[in-house]
Amino acid sequence: MSDHYFTVATVQERPSADVLRALADSVGKSERAVASHHIVWKLFGDTAERRRDFLWREHTPGQFYLLSDRPPADNIGLFELQAPKVYAPNVEAGDTFDFEVRVNATIARKKPGEKRGKRADVVMNALHDSMQHSTHDDDRAAVRSSLIDRVAGEWLERQGVTHGFTVRGVSVQGYSVVRLDRGRRNERASLGVLDLKGSLQVDAAEEFLSMLVGGLGRGRAFGCGLMMIRRG
C-alpha cells in the first residue's frame with residue numbers, strides 16, 4: 001500500500017480566517033456540510049483539474065480529520081495543521097477493532113422498466129416501503145425511529161462482506177439528512193448521514209485496509225466514509 005497521511009486541520013482563530021470559521025460554525029447541518037466541503041478543498045485543490053484524493057470528517061466545528069494520498073498544503077495561512085503522520089495501520093486477519101464512522105449508506109432502488117436502479121438512502125428507502133400507505137406524521141416518526149438501527153446494521157454487515165470484516169456490534173449515534181444544491185441546474189439533492197459506532201473483526205486484511213484508505217459508502221466529498229479505528 002502506498003503512503004497515506006493522517007492530519008488534523010483546524011481553522012485558525014485569527015481575523016483572516018473569520019469568514020471560513022463562521023461558515024464552519026453555521027447552525028444548519030446542510031450549510032455546514034457544503035461550507036466544510038469547500039474549506040477542506042483549500043488544502044488539496046492545488047489545480048483546477050485536481051481530483052479528490054482524500055477523505056475527511058468534521059470532528060468539531062472548524063476542526064477536520066484528513067486522510068490523504070499527499071500531505072495537505074495550506075498556502076493561504078487559514079489553518080493550524082498538525083504535522084501529517086504516515087498512516088500505516090498494522091492489520092491482520094483476526095484482529096478486532098472499535099470503530100467510529102460517518103457514512104452515506106445507500107442501496108440501488110430499481111423501478112419497473114429501468115435497466116439501472118437509482119441510489120437511495122437506506123433509511124428513507126425503508127421508511128418509504130413501510131409507510132407508503134400512511135399519512136400520519138406521528139406514525140412516520142415512530143417507524144423511522146425503529147427502522148434506523150436495523151437498516152444501518154444490515155447495510156454495514158453487507159459492506160463487511162465486500163470489505164473484509166465482520167460486524168460484532170453497532171449502534172447508531174445519529175442520523176440526519178443534508179440538503180445539497182446541485183450547481184447550475186438549480187436542483188436540490190439530499191444526503192442521508194449516519195453516525196455509527198461499534199466493533200468489528202477483520203477477516204481479510206488487504207480488503208479491509210483498502211476500505212480504510214478508500215472510504216466506506218458514498219458521500220465522501222461531503223465528509224463521509226472515513227472510518228476511525230482503535231484496537232478493542
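Listed by chain and residue number, L43, L66, F79, L81 satisfy the side chain to side chain contact (heavy atoms under 4.5 Å, CB included) test with A9 (two or more places apart in sequence, or in another chain). Remark: F99 pairs with no residue by the ring pair (Phe, Tyr, Trp, His ring centres under 6.0 Å) rule, at least two apart or across chains. Contacts of H59 classified as side chain to side chain donor-acceptor pair (under 3.5 Å), with partners at least two apart in sequence or in another chain: Y65. Residues forming a side chain to side chain donor-acceptor pair (under 3.5 Å) with T106 (at least two apart in sequence, or on another chain): R119. Contacts of R102 classified as side chain to side chain contact (heavy atoms under 4.5 Å, CB included), with partners at least two apart in sequence or in another chain: R57, E58, V193, D195, C224. A search for side chain to side chain contact (heavy atoms under 4.5 Å, CB included) contacts involving R168 returns T96, S199, Q201, not counting sequence neighbours. Contacts of N104 classified as side chain to side chain donor-acceptor pair (under 3.5 Å), with partners at least two apart in sequence or in another chain: none. Looking at residues two or more places apart in sequence or on another chain, you find a side chain to side chain donor-acceptor pair (under 3.5 Å) between D69 and H4. Take E157 and apply the side chain to side chain contact (heavy atoms under 4.5 Å, CB included) test, not counting sequence neighbours, and it matches V167.
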Problem - CA sep, side-chain torsions, deciding dist, call: M228, F6, side-chain contact (heavy atoms from CB on, under 4.5 Å) - result: CA-CA 11 Å; M228 309 294 294; F6 182 83; 3.8 Å; yes
Exercise for the section: Might you work through the side-chain hydrogen bond (donor to acceptor under 3.5 Å, both in side chains) test for Q173 and S171, ending with a clear yes or no? Expected result: CA-CA 6 Å; Q173 303 297 296; S171 63; 2.8 Å; yes
Exercise for the section: Step by step, work out the side-chain contact (heavy atoms from CB on, under 4.5 Å) result for I107 and N125. Expected result: CA-CA 8 Å; I107 60 172; N125 182 70; 3.1 Å; yes
Handout entry: Full working for side-chain contact (heavy atoms from CB on, under 4.5 Å) between D53 and R70
Key = CA-CA 8 Å; D53 55 356; R70 53 201 164 95; 2.6 Å; yes
Exercise for the section: Please test E100 against M227 for side-chain contact (heavy atoms from CB on, under 4.5 Å), starting from the C-alpha separation and ending with a verdict. Expected result: CA-CA 6 Å; E100 293 184 17; M227 179 180 282; over 6 Å; no
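Residues in residues 200-224 take part in no salt bridge (Lys or Arg N to Asp or Glu O under 4.0 Å) pair, two or more places apart or across chains. Within the structure, salt bridge (Lys or Arg N to Asp or Glu O under 4.0 Å) pairs that include any residue of residues 88-97 comprise D95-R231 (at least two apart or interchain). Here side-chain hydrogen bond (donor to acceptor under 3.5 Å, both in side chains) pairs that include residues 72-82, with residues two or more places apart or in two chains, number zero.
At least one side-chain heavy atom of L194 sits under 4.5 Å from a side-chain heavy atom of I148. Looking at heavy atoms from C-beta onward, F97 lies in side-chain contact with V202 at the 4.5 angstrom threshold. No side-chain heavy atom of L78 sits less than 4.5 Å from a side-chain heavy atom of Q12. Between F64 and T10, every side-chain heavy-atom pair lies at or beyond the 4.5 Å cut-off.
Smallest separation of non-hydrogen atoms from F208 and G164: CB-O, 4.1 Å. Among all heavy-atom pairs drawn from P84 and P72, the shortest one is CG-CD, 4.2 Å. When all heavy atoms of V172 and A152 are compared, the pair lying nearest together is CG2-CB, 3.7 Å. Nearest heavy-atom pair across L67 and L212 is CD2-O, 3.4 Å. Shortest non-hydrogen contact noted between P71 and F44 is C-CE2, 4.3 Å. Here the closest non-hydrogen pair linking V151 and A126 is CG1-CB, 3.6 Å.
Hydrophobic clustering of Ile, Leu, Val, Met, Phe, Trp and Tyr side chains at less than 4.5 Å, counting indirect connections, keeps V122 apart from V161.
To the nearest 0.5 angstrom, D121 atom CG is 7.0 Å from S190 atom OG. How far CD of Q63 is from OG1 of T60: 4.0 Å, rounded to the nearest 0.5 Å. We find the CD1-CG distance between I229 and L200 to be 7.5 Å, quoted to the nearest 0.5 Å. The CZ atom of F165 lies 4.5 Å from the CG atom of L156; values are rounded to the nearest 0.5 Å.
Taking the six-membered ring for Trp and the full ring otherwise, W56 and F222 have centroids separated by 6.0 Å or more. Ring-centre distance between Y87 and Y5: not below the 6.0 Å cut-off.
Just one residue in the list V101, L196, D149 forms a side chain to side chain contact (heavy atoms under 4.5 Å, CB included) with V170, and that residue is L196.
Ring geometry for W41 against H37 counts as perpendicular: the plane angle is over 60°, on a 0 to 90° scale with 30° as the lower cut.
The environment of CZ in R50 is crowded: more than 12 heavy-atom neighbours from other residues, nucleotides or ligands sit within 6.0 Å.
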